[in-house]
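What follows is a set of notes on a single structure, which appears directly below.
The basis for the numbers below is simple: all heavy atoms, side chains too, and nothing from hydrogens, waters or symmetry mates.
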Amino acid sequence: MRNVFMTQAIWIGIVGVGMLILPPRPQADDTPTVAEASVSAASEGAFDPAEAAREGRDALANAVTPDEIEAALDLLRRSAEAGNSSAMDRLGAAYLQGRKGMAPEPDTARAWLDRAVDANHGYAPVRLGLALIRGTGLEVNVAEGMAVLEKAADAGNAAAMDAIGNLYLGGAEGIAADPLAAENWLGRAIASGNESARARLGNALVHGIGLDRDPARGFPMLQQAAAAGEPDAMDGLGRLYLSGAEGIPADPAKAREWLDRAVAEGHPYAPVRLGNALLRGDGLPADLQAGLALLQDAAAEGQPDAMDGLGRLYLTGAEGVPADPEKAREWLRKATDAGQPYAPVRLGRALTFGEALPADPEVGRALLEQAAAGGQADAYDLLGRSYLEGSGGVARDKEEGRRYLRQAVTLGKSYAPVRLAMSYIAEPGAGEADLREGLEVLRQAAESGNVYAASRLIGLYRSGRGQLLSSDPAEARRLVGEFEDVLGQGVQRETLLLDAININNNAGYERLFEQAEEIPLDLRQDLVQTLFWINPNTAVYFVQRKLADATIYGGPINGLATRSTIRAISAACRSPEFSIPCATNPITAETLDAVYRSL
């Protein structure tokens, strides 16, 4: 098994933010103290800088008290002063973040990393370059950081090539994503024998991370890198086999095997991926206790995503795990403090709107503002919603709400353009100028590939909007054609809804029902609810057909809400065989949609 410390340090250094994740303190009774390690390194014979660097690294990982921390640092300093580049790099890393209760010392960190780079330490240029680019412990200087990485790469440093390729895969502040450059740099790293780069490029191709998906190219790369012992490749193969890909069927046994191996090799995210899959039965047979144990162990070792996963689990509960608001808040707060980017959104939403936790709007909004400042589109969207509705402890302020929503749109929040557009169109007293503004928001988003905006734009012309906008099915149908590529399989849904406008006989209802059965399940969400507002008889017919197929209804199938139809719907709502949330009145859009989808 690989040294967990080194595996995690390198993975986070390249993929994450230059942090060190240290292993848990050993529990064996004969674990040497820091003082004993220092004596061991210095006693009997000449001082060995390499051995002292290893012992100082391990001692720092296990240190608890300030005296132990200082003794470990002193051992590393002695090794570094004797010329050991690994000790120089380790000191630079320690002073960058100020972990283990240490105060960060940027100047000291920079001095040691510069010395490690000058001493040709293999990873020091990567650590220094990424710290400058991301502002991790040092003042942001993207140009200098890239220069450090490129100089090392040009000198043949494959880890630096890999780091540059990773930066171009997803982009960073001040560095635009560049797929061609990413593949070029990763290819150079692979040619130099860097298996981490092979795993990264394989994952990018298989999972579409910064590059167009191409499982046929990426799969062999993952296999080769995994065989060479790369944890990222093992995790990537496990993820691939959970859901499958074109030409590569899902395989639960292989998914479990590779994720187990990635966990054993210390991959930081594999316990979270495997734990979530076991908790949800997502790609693997559900095993609640095993999944929970994985998340708990990873969270105890400081894994922020595991903390967030536990917080999410306790927020809503699951079969066998009751909701626990106190634990939910505790773990989400820990995840937030550990830098997990989405945890403040999750916790902020729960507190702002009183969802699953007692409402605390002041604290909730502060968390959402924190997440928004970190670039979380969902946080901007939730703050926009709060101001538009006058909820979450703030007075209604449509302009402030729109300001937040515009930022959410800029950051790519899928539904934000619809929310922003409807803040104009659905506003009481909206006029022609509001209509134009809202329609323009939707059109721009649709032209940028936003399927929600395209669907809402089509829906507005299909059904109209009171006196503000008359129904125009012809324009709606034209828009379906214009945004065909954006809608994808959604074209079937939009066409069916338009066809339903003028249907008034059983033959037409049956034709639409058969068309609906060809629509992918995920696109049938709310289909009958939408149909109810277009042509309620069609919605009733759809439900009658489903009830008849389930032998709950034996009356005429004609789209009429007869007494026998109402009794059958009520019987389905009461049946323990179906999980149908039914309203008091069975002939509502929501109830009919719930019955249709449940059957």
Rounded to the nearest 0.5 Å, how far apart are [atom1] of [X] and [atom2] of [Y]?
| X | Y | atom1 | atom2 | result |
| --- | --- | --- | --- | --- |
| R115 | L91 | CZ | CG | 9.5 Å |
| L75 | R90 | CG | CZ | 13.0 Å |
| L222 | N203 | CG | CG | 5.0 Å |

Check your understanding: Can you find a pair of side-chain heavy atoms, one from Y241 and one from I248, that are under 4.5 Å apart?
Key ->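 Heavy-atom side-chain distance check passes, below 4.5 Å.
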Review point. Looking at residues at least two apart in the chain, or sitting in another chain, which of them share a salt bridge (charged side-chain N to carboxylate O under 4.0 Å, His left out) with R280?
Key: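 For R280, no residue satisfies salt bridge (charged side-chain N to carboxylate O under 4.0 Å, His left out) once neighbours in sequence are set aside.
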Point to revise | salt bridge (charged side-chain N to carboxylate O under 4.0 Å, His left out) partners of D114, counting only residues at least two apart | key: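 Testing D114 for salt bridge (charged side-chain N to carboxylate O under 4.0 Å, His left out), a comparison that skips the adjacent residues, returns R110.
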Practice item. With sequence neighbours excluded, tell me which residues meet ring pair (Phe, Tyr, Trp, His ring centres under 6.0 Å) with Y404. Key: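 Y404: ring pair (Phe, Tyr, Trp, His ring centres under 6.0 Å) contacts with Y387.
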Where the side chain of [X] meets the backbone of [Y], is there a donor-acceptor pair that is under 3.5 Å apart?
| X | Y | result |
| --- | --- | --- |
| D381 | Y415 | no |
| N194 | I190 | no |
| S85 | N120 | no |
| H207 | G236 | yes |

Check your understanding: With a cut-off of 6.0 Å (strictly less than), are more than 12 heavy atoms of other residues, nucleotides or ligands near CD of E362?
Key ->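 No.
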Under 3.5 Å donor-acceptor pairs involving side-chain atoms of residues 329-351, not counting sequence neighbours:
residue: E330; atom: OE2; partner: K334; partner atom: NZ; Å: 3.3
residue: T336; atom: OG1; partner: L332; partner atom: O; Å: 2.8
residue: Q340; atom: OE1; partner: Y342; partner atom: N; Å: 2.7
residue: Q340; atom: OE1; partner: A343; partner atom: N; Å: 2.8
residue: Q340; atom: NE2; partner: D305; partner atom: OD1; Å: 2.8
residue: Y342; atom: OH; partner: D378; partner atom: OD2; Å: 2.5
residue: R346; atom: NE; partner: D308; partner atom: OD1; Å: 3.1
residue: R346; atom: NH2; partner: D308; partner atom: OD2; Å: 3.0
residue: R349; atom: NE; partner: E355; partner atom: OE1; Å: 2.8

Exercise for review: State whether E257 and K254 are salt-bridged, where the test is any N-O pair (Lys NZ or Arg NE/NH1/NH2 against Asp/Glu carboxylate O) under 4.0 Å.
Suggested key: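 Judged by the 4.0 Å cut-off on N to carboxylate O distance, E257 and K254 do not form a salt bridge.
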Point to revise | Salt-bridge criterion met for R77 and E70 (N-O under 4.0 Å) | key: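 Salt bridge: yes.
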Exercise for review: Can you tell me which residue pairs pass the side-chain hydrogen bond (donor to acceptor under 3.5 Å, both in side chains) test with a partner in residues 149-161, sequence neighbours excluded?
Suggested key: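 The answer is none; no pair qualifies.
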Check your understanding: Among pairs that include at least one residue of residues 172-190, which meet side-chain hydrogen bond (donor to acceptor under 3.5 Å, both in side chains), considering only residues two or more places apart or in two chains?
Key ->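 Listed once each, the pairs are E183-R217.
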Point to revise | salt bridge (Lys or Arg N to Asp or Glu O under 4.0 Å) between E81 and R78, intermediate numbers included | key: CA-CA 5 Å; E81 293 296 355; R78 292 175 62 199; over 6 Å; no
Check your understanding: Are L186 and L169 close enough, and set up right, to give a side-chain contact (heavy atoms from CB on, under 4.5 Å), and what steps lead you there?
Key -> CA-CA 10 Å; L186 292 174; L169 267 182; 4.1 Å; yes
